[in-house]
Novice: 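Submitted below is the structure of interest, expressed as C-alpha cells.
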Amino acid sequence: MNRLLWIRSEAFDHGVFNTSVRWTVPKVQDFLASFRETISAQSIARETWVEIATTRCKPTLSEAEATAYWHVFVVLQQAIFKQKVDGGLDFRVISLLLMCQVFSPHRVRTDQFAMSGEMWPGLERATAVSSPRHSPRGTSPRVGVSAQTSIQRGRDASTAMLAFVRQHVGYFLQVACASPTAEPAAVSSEEFDILGLLLCGDTAMQPSLKRLSDAIPDLASKKSMPFKEIKRMVDKLLVWNDEMYTSVEQSLGVQAPVEPGGTKVINVSGMQKTTWFQRPPNGDIDVLSITCCNECTIYVTGQARFCCVAGCHDCTIVVPAVAGLCTIHNCEKISIHVAAHCFKMENSIDSSAYLYCHIPPILTGDTRGIKLAPFNVLYSQIATALKNADMPLEREYVDVWAHPVCCTLGAPDETLGRSGNIDQPTNSTYHFVHPENFQPVVIPEQGRRGPQVPLCLPQVYDDAIKSREEEMRAFQRMMAEVSDESKRRRAHQAIQGHFREWLQATGKSRQLADLA
C-alpha cells in the first residue's frame with residue numbers, strides 16, 4: 001500500500017501563539033543565525049535560551065515570551081515523542097517550532113474575511129467590538145472565530161495549514177538539517193525524523209510507525225537522500241488526515257469508532273444551549289477538541305493528551321486531567337476547570353480558569369479580564385484520570401497557577417506577569433477569584449458517589465471552604481433543633497422554593513434536564 005504523510009495538527013494548535021513578534025521566514029532565519037553566532041551547542045539549556053533570546057538575537061524576545069516559548073516547546077516534544085526532556089532542548093526542535101510561528105491562524109481568518117465581502121456577523125450585536133470572537137477590526141488579534149460555521153471554519157483551517165506546510169516544507173527540512181539559510185545537499189534519516197514533531201506517516205490514517213523516515217522506505221534503507229528528492233516526495237505524500245482531525249459535522253460530539261490501538265479523538269463542536277457528558281465516562285483521549293459552542297456545559301471525565309478549546313462563548317468546561325497541553329483561544333465568558341501539565345490561554349476575555357498545573361499558565365495575545373483560581377473539581381474517579389495523565393495532586397504545585405507567564409499584547413507593564421490582586425484587581429489581564437467566592441465543581445455521577453479525592457488548595461482557599469462547611473453544619477444543627485413539625489415543613493418549603501428559583505435564574509434546571 002502507498003504510504004502517506006499528514007500534519008500533526010496539535011503542533012500548530014498548541015505550539016503557535018500570539019506574541020509581540022510578527023514572525024516571517026526571514027525573521028526566523030535572522031533569529032536562528034544570531035542565536036548560532038553566540039552558541040554552537042546542539043543541546044540548549046533553558047537559562048541559555050532565555051539569556052540569548054532576550055539580549056543577543058534579532059528580533060529580541062521579552063523574558064516572558066522566551067519563557068513561554070520554552071515551556072510550550074518542551075511540553076510539545078514530551079507529549080508528541082512521549083519522551084521526557086532532561087537537561088536541554090535540541091536546537092533543531094526549537095528551530096522547527098519557531099518556523100511554525102510563521103503560520104498565523106489569525107492572518108488566515110483575516111484574509112478569508114477580507115475576501116468574502118460579507119457583512120461582519122458580530123456587527124449585529126451591540127457588544128461585538130469588545131469581543132475577541134466578533135471584532136470588526138481586521139488588524140486586531142481579536143478576529144471572530146464564529147464568523148463562519150464550525151464546519152466551514154474547520155475546512156478552511158485545515159486547508160490553510162496544509163497549504164502552509166507544502167509551501168514551507170523546504171524551510172522545515174533546512175532547519176531539521178541545521179541549515180536554516182541554505183539548502184543542504186542531502187537529508188539523513190535522523191534529520192528527517194526530527195520532522196516527526198510536525199508530521200506523521202503510515203499506510204493508514206492511524207500512526208504506528210516508530211520513525212517518520214519509515215514512511216519513505218528508500219530513506220529508511222539508504223539512511224540519506226538528496227534534499228530536492230526528499231522535498232519532492234514529501235510534497236507528493238502530504239495529505240490532511242480527516243479521520244484524526246475531522247472537519248465534518250460532529251455537532252453532538254459523537255466519537256467516531258476507533259481501531260484497537262488507534263488514536264482516540266473526540267470533537268465537540270457547534271453545540272448550543274445544552275449539556276454534553278462523555279460516554280463512556282472514562283478512557284484515554286489523544287486529541288480533545290471543543291469548538292464553537294455557546295451556552296453549554298461540557299463534562300469530560302477521562303484524561304486527554306491534548307485539549308484545545310476554540311471559539312466558545314458562555315460555556316462551563318470541566319476536564320479532569322490533561323497530560324500535555326491545554327490551549328484556550330478566541331473564547332469569551334467561559335469557565336474552564338482543568339488539571340493540565342501546561343495551560344495556555346490566548347485571545348480570550350472575561351473568562352475564568354480553575355487550574356492545577358506543573359508549569360505556570362501562559363497568557364498571551366489579546367487576553368484580558370481573566371479570573372484565576374485553584375483546581376476545584378470533585379469526582380470519585382478523578383484519582384484514576386490524574387494518575388493516567390501523570391498529574392497527581394501534590395503540594396509542590398499547589399500555587400503554580402497563581403504565577404502566570406504573562407506576555408499579552410499592548411500591556412508592557414504586565415509582560416513579566418505581575419501578581420494578580422485578590423482584593424484590588426488592578427491588573428487588566430488577570431486577577432484571582434476571592435476565597436469567599438470560591439466553590440467546588442462536582443461532576444455528576446450515577447448511583448452512590450465513591451470517596452472523594454481532597455482538593456489541593458492554598459491555605460487561604462482551604463480555610464474558606466472549611467468555613468462554609470462549618471456554616472452548613474451549624475445550619476443543619478439548627479434545623480434539627482426545630483421540634484415543631486409545621487414550622488419544619490414551612491422552612492423546608494421555603495428552602496425548596498428558593499432553590500427552584502435559583503435553578504431557573506442560573507440555567508441549572510436545563511442542565512439537570514439534559515443529564516436526566
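The first residue in the sequence is number 1, and the count goes up from there.
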Novice: Pick from L372, I362, I328: which one makes a side chain to side chain contact (heavy atoms under 4.5 Å, CB included) with M345?
Specialist: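 The option that passes is I328.
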Novice: Which class fits the ring pair H358 and Y356: parallel under 30°, tilted 30 to 60°, perpendicular over 60°?
Specialist: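 H358 and Y356: perpendicular rings.
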Novice: So, E65 versus S20: side-chain donor-acceptor pair below 3.5 Å or not?
Specialist: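 Yes, S20 and E65 have a side-chain donor paired with an acceptor closer than 3.5 Å.
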Novice: Roughly how far apart are D235 CG and I230 CD1, rounded to 0.5 Å?
Specialist: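 Rounded to the nearest 0.5 Å, the CG-CD1 separation comes to 12.5 Å.
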Novice: Can you confirm whether more than 12 heavy atoms, excluding those of F91, are under 6.0 Å from its CZ atom?
Specialist: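 Enclosed: over 12 neighbouring heavy atoms sit under 6.0 Å from CZ of F91.
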Novice: Identify whether the distance between the nearest side-chain nitrogen and carboxylate oxygen of K223 and E190 falls below 4.0 Å.
Specialist: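 Looking at E190 together with K223, the answer is no, because their closest N to O distance does not fall below 4.0 Å.
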Novice: Any carboxylate oxygen within less than 4.0 angstrom of a Lys/Arg side-chain nitrogen, looking at D286 and R305?
Specialist: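 Salt bridge: yes.
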Novice: Quick one: are the ring centres of F375 and Y354 less than 6.0 Å apart?
Specialist: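 Not close enough - the centres of the two rings lie 6.0 Å or further apart.
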Novice: For R56 and E37, run salt bridge (charged side-chain N to carboxylate O under 4.0 Å, His left out): C-alpha distance rounded to whole Å, both residues' side-chain angles, the deciding distance at 0.1 Å, then the answer.
Specialist: CA-CA 9 Å; R56 307 186 195 182; E37 289 174 1; over 6 Å; no
Novice: Kindly indicate whether the side chain of C307, heavy atoms from C-beta on, has any atom under 4.5 Å from the side chain of L325.
Specialist: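 Result no, sub-4.5 Å side-chain heavy-atom pair not found.
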Novice: Please round to the nearest 0.5 Å and tell me the distance separating atom CD1 of I317 and atom OG of S335.
Specialist: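 Between I317 CD1 and S335 OG, I get 9.0 Å after rounding to 0.5 Å.
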Novice: Have a look at Y69 and tell me which of F17, W49, F31 forms a ring pair (Phe, Tyr, Trp, His ring centres under 6.0 Å) with it.
Specialist: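 Single ring pair (Phe, Tyr, Trp, His ring centres under 6.0 Å) partner of Y69 among F17, W49, F31: F17.
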Novice: What about W240 and Y245, are their ring centers closer than 6.0 Å?
Specialist: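 Distance test on ring centres: under 6.0 Å, yes.
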Novice: How about S188 and E191: does a side-chain donor come under 3.5 Å of a side-chain acceptor?
Specialist: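 Yes, a side-chain donor-acceptor pair sits under 3.5 Å.
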Novice: For the residue pair F172 and F12, does the interplanar ring angle fall in the parallel (under 30°), tilted (30 to 60°) or perpendicular (over 60°) class?
Specialist: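 Answer is perpendicular, since the angle exceeds 60°.
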Novice: Between the side chains of R211 and D214, is the shortest nitrogen-to-carboxylate-oxygen separation below 4.0 Å, so that they form an ion pair?
Specialist: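 Result for this pair is yes, salt bridge flagged.
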Novice: Roughly how far apart are I336 CD1 and I370 CD1, rounded to 0.5 Å?
Specialist: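 So the CD1 of I336 and the CD1 of I370 are separated by 12.0 Å.
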Novice: Are K333 and D350 close enough for a salt bridge, meaning some N to O gap below 4.0 Å?
Specialist: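 D350 and K333: not salt-bridged.
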Novice: Does the side chain of S269 come under 3.5 Å of the side chain of T291 through a donor N or O and an acceptor N or O?
Specialist: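 On atom types as modelled, these side chains qualify, holding a pair under 3.5 Å.
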